[in-house]
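Working notes for the structure below.
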Amino acid sequence: MTTPEERISALEHRVGELEDINAIRRIHWAYGYYIDFNRAKDVSELFAEDGEVIFLSGIYKGRAGALRLYGTWFQNFFLEGGGEGPVDGFLLDHFQMQDIITVAPDRQTAKGRFRGMLFGGSHESRRYQPEGLPLQFMEAGIYENDYVKEDGVWKIKRLDYMMQWQGDYEKGWSKTVSHLQPLTECFPANPIGPDAIRTEEIRKTWPYRHDVPMHFAHPKFGALLAGEAK
Amino acid sequence: MTTPEERISALEHRVGELEDINAIRRIHWAYGYYIDFNRAKDVSELFAEDGEVIFLSGIYKGRAGALRLYGTWFQNFFLEGGGEGPVDGFLLDHFQMQDIITVAPDRQTAKGRFRGMLFGGSHESRRYQPEGLPLQFMEAGIYENDYVKEDGVWKIKRLDYMMQWQGDYEKGWSKTVSHLQPLTECFPANPIGPDAIRTEEIRKTWPYRHDVPMHFAHPKFGALLAGEAK
Amino acid sequence: MTTPEERISALEHRVGELEDINAIRRIHWAYGYYIDFNRAKDVSELFAEDGEVIFLSGIYKGRAGALRLYGTWFQNFFLEGGGEGPVDGFLLDHFQMQDIITVAPDRQTAKGRFRGMLFGGSHESRRYQPEGLPLQFMEAGIYENDYVKEDGVWKIKRLDYMMQWQGDYEKGWSKTVSHLQPLTECFPANPIGPDAIRTEEIRKTWPYRHDVPMHFAHPKFGALLAGEAK
């Protein structure tokens, strides 16, 4: 026999989980919007203190690592010396979609899969053209991220971006080898390098492919984490 | 000490807010689907009576304004005289994604940020080719919209579309200057013109860029409006 | 006068509906991710036992039909003999977005509209090139699906994919006639054919267009099914 109080408690948990899912989706969409406009500090503040980013098989640790990646690297290389906000003739659009978010039963951690599409490059009229960056390119990738609740606020614990392909606009993905290759040299030897290199397999980039395991159980089991499915 | 009645009331508010978010997302996705199929009347009925659309720095006021934009302009220009529904060889696909929706505490108003990608143009076999429209083009933009609840139903109060770039398919965004420029002449002098021109800065189009302020507070503050964050 | 028990019951129904919507969205996003990685069995298990897929005006019935489409056809044709998982130099990215989901009042059935964008093809360095498949192509389509709850778990009852256009990358959608045409021959005469052909209109493919009726009532009526709107 369920009492009204028990039913209320159950509802509070279920509503809390729905709110968690919305909050985490919001973080990832905000991440996309911040990168569009070169807002490295805002991106870094989405992370937990001990959060990390996996990018090109390198591990950027903590908010300092995130700032090195999205600030020192992205802003300096793309914007010729940094600064925030939009720059005439430069594009780094991060379209984000297809969210699958799974919250742990205690509502203190969660996992999320997302997908991003990137349209980037410089207008031909722009004076500064980043060296080695295609004039215009497309890219797609999948994220498998971990989240943690800190003082009641969700933060990114681990953002794992797995680039799927890149395509120079003029040639398309069938005739492009990724202009980005796995990272090999760490910071500080490489001033924009990661803090460590993944010890698992190095993920070779397009046209190579690698598996992108899904954190979630098959939906036939309901909304469980993969590890919980029978 | 919280009574069961207070807990129930709190839940009713929280569930209501989740339903509001879903309802507003639904409006924006429907907006995209209606434009795909040239349904100007359906688009206009998503707006509040005194709603408005900001497009190319022009302000289209009320449902009459929305009909002038999505009907008189879009349908007549794209479809050679109007009509609803799909037309062989014509494409105006409005892909919509990346929703960040923030509902005010009283649940009577809300703000929403979205992102759209547009793939449009005419097939080469189509007899009618709209003059001045590239044969095939891509476009991307960001929306920062206001919503209002009228008689329990959410409506668009203000749809602010900020085009980010356009690219002729043959050349790509790096070699395209937007085929659409800020509006300068109002209705009725311009039969498809807006009712007014923005008095704030005119938003020059690609390759120019302008800031696209975010209505939402940084997620580290939780799900607040920007003005509410400390 | 509403009792606390009645308020709790109403909340349980509303929260259940929000959970249903999330569960169905999750199914469709998972469908996209499974196809990306050639996981035909996983796709087929998203369907109810008596589910079906409409593809190119053909009807694939049951999980056997889904396996014939996503397995025998897709895997064999694209991957030269089948197998699951990613293949170097091959791309079949299924980007999914713009979900409008409507749950029936009894929460046992539901309808969902989604949109997909497909970027596919083979890298020029790949030894196997599927015959008749463009080297690199884009595609877009709209889904209007039916769902059913079986033993408390949502399943796809009917997946109706309506391709909107295809574009060879080199030429773009304005200069491409869809490389896929409506199906005409059934299984087993055609080993990858459907079990039946639609008896309603055959949907001619791009540059032809056809209407894509929306299951949902106009949002001005709230979140009802189209049949329920006044």
Side-chain angles (χ1 to χ4, degrees), chain B residues 3-5 7-9 11-12 14-16 18-19 21-34 36-37 39 42 45-47 85-91 93-98 117 119-126 134-138 150 152-156 168-170, chain C residues 2-8 10-19 21-22 25 95-102 113-117 138 140-142 144 162 164-165 167 169-178 204 206-214 216-223:
Chain B
T3 67
E5 279 76 8
R7 292 170 69 190
I8 294 173
S9 294
L11 278 168
E12 287 170 337
R14 291 165 65 190
V15 171
L18 291 166
E19 292 170 337
I21 290 171
N22 278 6
I24 290 168
R25 179 165 56 210
R26 191 181 185 94
I27 286 175
H28 194 73
W29 295 171
Y31 154 90
Y33 286 128
Y34 290 147
D36 295 342
F37 291 98
R39 294 168 78 126
D42 281 336
E45 293 183 344
L46 296 170
F47 286 83
V87 168
D88 287 343
F90 178 66
L91 207 65
D93 270 14
H94 273 62
F95 302 90
Q96 302 297 320
M97 64 198 91
Q98 210 172 330
M117 201 189 279
F119 284 30
S122 299
H123 195 265
E124 60 183 3
S125 66
R126 190 183 178 206
L135 181 66
Q136 50 188 339
F137 67 100
M138 293 176 288
E150 286 185 347
V153 177
W154 286 100
K155 298 285 175 62
I156 307 171
D168 291 4
Y169 187 78
E170 275 77 6
Chain C
T2 313
T3 67
E5 278 76 8
E6 287 169 332
R7 292 170 70 191
I8 294 172
L11 278 168
E12 287 169 338
H13 183 85
R14 291 164 66 191
V15 171
E17 191 189 1
L18 291 165
E19 291 170 337
I21 289 171
N22 278 6
R25 180 165 54 210
F95 302 90
Q96 302 297 319
M97 65 199 91
Q98 211 171 331
D99 51 303
I100 294 189
I101 295 163
T102 312
R113 186 180 182 97
F114 304 93
R115 171 172 232 153
M117 201 188 279
M138 293 176 289
I142 293 175
E144 273 283 355
M162 290 164 274
Q164 300 297 299
W165 54 270
Y169 188 78
E170 276 77 7
K171 300 189 286 180
W173 50 89
S174 290
K175 297 176 181 165
T176 299
V177 169
S178 278
K204 296 202 284 182
W206 176 255
Y208 291 104
R209 306 215 56 186
H210 58 84
D211 204 16
V212 181
M214 302 174 195
F216 56 92
H218 193 285
K220 71 184 173 187
F221 297 112

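Letters A, B, ... mirror the listed sequences (proteins, then strands); counts begin at 1. Basis for what follows: all heavy atoms, side chains included, without hydrogens, waters or symmetry-related copies.
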So which of [options] has the biggest tally of heavy-atom pairs under 4.5 Å with chain C?
| options | result |
| --- | --- |
| B:Glu19, B:Met97, B:Lys155 | B:Glu19 |
| B:Gly85, B:Gly121, B:Ser122 | B:Ser122 |
| B:Leu135, B:Leu91, B:Val87 | B:Leu91 |

Tell me, for [X] versus chain C, whether the close heavy atoms (under 4.5 Å) come from the side chain, the backbone, both or neither.
| X | result |
| --- | --- |
| B:Ala23 | neither |
| B:Arg126 | neither |
| B:Glu170 | side chain |
| B:Asn22 | side chain |

Report task. Quick one: closest heavy-atom pair of B:Val153 and C:Pro219, and the distance? Result ->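 Closest approach of B:Val153 to C:Pro219, heavy atoms only: CG1-O, 3.5 Å.
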Query raised in the report: Is the gap between the ring centers of B:Phe90 and B:His123 under 6.0 Å?
Result: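 Not close enough - the centres of the two rings lie 6.0 Å or further apart.
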Query raised in the report: When the ring centroid of B:Phe137 is compared with that of B:Tyr169, is the distance short of 6.0 Å?
Result: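 B:Phe137 vs B:Tyr169: aromatic centres not under 6.0 Å.
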Please tell me whether [X] and [Y] have a donor and an acceptor in their side chains that are separated by less than 3.5 angstrom.
| X | Y | value |
| --- | --- | --- |
| C:Arg113 | C:Thr102 | no |
| C:Arg7 | B:Ser9 | yes |
| C:Arg209 | C:Gln164 | yes |

Query raised in the report: Could you walk me through whether B:Arg26 and B:His28 pass the side chain to side chain contact (heavy atoms under 4.5 Å, CB included) check?
Result: CA-CA 5 Å; B:Arg26 191 181 185 94; B:His28 194 73; over 6 Å; no
Query raised in the report: Do you know which of C:Arg115, C:Glu17, C:Met138, C:Lys175 has the most heavy-atom pairs under 4.5 Å to chain B?
Result: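 The candidate making the most pairs under 4.5 Å is C:Arg115.
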Query raised in the report: Taking C:Ile8, C:Ile21, C:Val15, C:Val212 one by one, which has the highest count of heavy-atom pairs under 4.5 Å against chain B?
Result: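 Most pairs with chain B among the choices: C:Val212.
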Report task. Look only at the side chain of B:Glu45 and the backbone of B:Asp42, and say whether a donor-acceptor pair between them is shorter than 3.5 Å. Result ->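 Not at all, since once roles are kept as given, no pair shorter than 3.5 Å links the two residues.
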Query - chain B contact via C:Trp173 - side chain, backbone, both or neither, heavy atoms under 4.5 Å - result: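 Both backbone and side chain.
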Query raised in the report: For C:Lys171, is it the side chain, the backbone, both, or neither that has a heavy atom closer than 4.5 Å to a heavy atom of chain B?
Result: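 Backbone of C:Lys171 only, per the 4.5 Å heavy-atom cut-off to chain B.
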